[in-house]
Amino acid sequence: MSWDLFLSLLLACALLYLGLLLVYFVRADGDLTLLWAEWQGRRPEWELSDMVVWVTGASSGIGEELVYQLSKLGTSLVLSSRKVNELERVKNKCLEISNLKEKDILVLPLDLTDRNSHEAATKRVLQQFGQIDILVNNGGRSQRSLFEETDLDVYKEIMEINFMGTISLTKCVLPHMIERKQGKIVTMSSLMGLAAAPLGSGYCASKHALHGFFNSLRSELVMYPEITVTNICPGPVQSNIVQNAFTEKVSKKVENPGNQHYKMATSRCVRLMLVSMANDLKEVWISEQPYLFFFYIWQYAPTWAWWLTNKLGHRRIENFKSGLDADSSYFRPMKKKSN
Ligand SMILES: NC(=O)c1ccc[n+]([C@@H]2O[C@H](COP(=O)([O-])OP(=O)(O)OC[C@H]3O[C@@H](n4cnc5c(N)ncnc54)[C@H](OP(=O)(O)O)[C@@H]3O)[C@@H](O)[C@H]2O)c1
């Protein structure tokens, strides 16, 4: 083979490799550490099956799907949120779709804002199962309102649920994990915990606060390498989050939640959460394109990202002010993957 032909082949291979990488990146729905873990890492089926997992916000959306997938792995479950009837419905479905028995699932009503109840709730879980292997801090509420029109009480409530409630429960469970020198604390943040968008200033603030808190807690737990802290940052995912969001007043509901079907499938988001838990990843981004790409720009070229944020944000505010769902005719993801 001539030297020229060899060089041409080498160049063609390099271009093909770069092309494949580009296709892979365009199709990606998670950050690179997460996708690597999904490909090469420990499988949730091997790692999580015998564990006791406490999930807050288990009555709806991502938390509901999470307990369904966990039940199929054989984990014992504690289902918490405020609506007992919904939790009973979810429990019955878990029993239907898995080999779990009644004794393996505890329905434990819990209001994240009722911090005085968190200690007793933790004791109840320990009484039933003797241990808590994973705490999934998933319960939370979003926001659809402009700061200038929103009561400060809304900000207080969002912080109470998303931040104070979450760290209060973590404070109750952590001593037990420290005593056993093992455990996983998994917290649902959001890409809005690292970036920002209009109409959710309180929500963004609460998720940013969670990041600061749990990153700091992770560094304090350095003496306990078997206690891991995972921050999950999804982009838009199908759930009831918009219809349950806060508005300008604590008691006012969202008028037009819009059609949420263009968002990432809940089952896919949850599968990637399980991969993160099985592999003790510290921070994961779970999102379809173009949100994921947008987020990479946020990390690497924040000033350019602000140009795009303001352009899209303008559209979001216009939609909102004209009574549409804020994300109507916003950009749409390129593809749908399910679990
Ligand atoms: N869907 C998305 O696009 C998205 C993106 C990024 C992050 N997230 C995060 O994912 C988590 C789950 O949200 P989701 O999308 O699944 O929304 P969802 O369908 O509205 O579910 C929210 C869950 O939180 C519970 N909850 C709300 N207030 C509570 C309180 N005071 N005490 C205890 N539980 C409470 C709700 O149950 P009860 O009403 O029964 O209490 C419900 O089970 C949230 O932390 C959210 O911020 C969602």
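For ligands, and for the atoms within them, numbers begin at 1 and follow the listed sequence. Worth knowing before you read on, the calculation uses all heavy atoms, side chains too, and leaves out hydrogens, waters and symmetry mates.
For the residues L191, T266, V242, V237, the heavy atom positioned nearest atom 2 (C) of ligand 1 is part of V237. Distances from atom 22 (C) of ligand 1 to the heavy atoms of G139, G57, G140 show the closest one on G140.
Protein heavy atom in closest approach to atom 28 (N) of ligand 1: R82 NH2, 3.4 Å. The protein non-hydrogen atom at the shortest distance from atom 16 (O) of ligand 1 is I62 N, 2.8 Å. With respect to atom 45 (O) of ligand 1, the closest heavy atom belonging to the protein is N138 O, 2.7 Å. Atom 37 (O) of ligand 1 has its closest protein heavy atom at S59 OG, 2.9 Å. With respect to atom 13 (O) of ligand 1, the closest heavy atom belonging to the protein is I241 CD1, 4.2 Å. Scanning the protein heavy atoms around atom 33 (C) of ligand 1, the nearest turns out to be L110 O, 3.3 Å. Annotation: atom 20 (O) of ligand 1 to nearest protein heavy atom, N244 ND2, 2.8 Å. Looking at atom 31 (N) of ligand 1, its nearest protein heavy atom turns out to be D111 OD1, 3.0 Å.
Remark: ligand 1 atoms within the under-4.0 Å shell around heavy atoms of Y203 are 6 (C), 7 (C), 8 (N), 9 (C), 46 (C), 47 (O). Counting the atoms of ligand 1 from 1 in the order shown, those under 4.0 Å from a heavy atom of P236 are 3 (O). Which parts of ligand 1 touch L112 is read off a 4.0 Å heavy-atom cut-off, strictly below it: atoms 30 (C), 31 (N), 32 (N), 33 (C). Less than 4.0 angstrom separates some heavy atom of G61 from each of these atoms of ligand 1: 16 (O), 19 (O).
A salt bridge is absent between K321 and E149: the closest approach of a Lys/Arg side-chain nitrogen to an acidic carboxylate oxygen does not fall below 4.0 angstrom. Using a 4.0 Å cut-off between a side-chain N of Lys or Arg and a carboxylate O of Asp or Glu, R268 and E38 qualify as a salt bridge. For the pair D151 and K156, the salt-bridge criterion is not met [side-chain N within less than 4.0 Å of a carboxylate O]. Looking at E318 and R315, no side-chain N of the basic residue comes within less than 4.0 Å of a carboxylate O on the acidic one, giving no salt bridge.
For a threshold of 3.5 Å applied to N or O pairs, the pair formed by S60 and ligand 1 contains at least one separation below that value.
Checked against a 6.0 Å centroid threshold, the rings of F295 and W298 do not count as neighbours. Between W307 and W304, the ring center distance fails the sub-6.0 Å criterion. Between Y155 and F147, a ring centre-to-centre spacing shorter than 6.0 Å is recorded.
By the 4.0 Å heavy-atom criterion, E64 is excluded from the residues contacting ligand 1. For S189, the heavy-atom gap to ligand 1 drops under 4.0 angstrom. For S80, the closest heavy-atom approach to ligand 1 does not fall below 4.0 Å.
At a heavy-atom cutoff of 4.0 Å, ligand 1 is contacted by no atom of Q238, backbone or side chain. Contacts between N162 and ligand 1 below 4.0 angstrom, taking non-hydrogen atoms only, are absent altogether.
Under 3.5 Å, the side chains of W54 and T122 contain no donor-acceptor pair of N or O atoms.
Side-chain atoms of S71 and I97, non-hydrogen and from C-beta on, do get closer than 4.5 Å to each other. M177 places none of its side-chain heavy atoms less than 4.5 Å from the side chain of E226. Side chains of Q143 and S201 form a contact here, defined as non-hydrogen atoms less than 4.5 Å apart.
When all heavy atoms are compared, the tightest approach of F129 to D104 is CZ-O, 3.5 Å.
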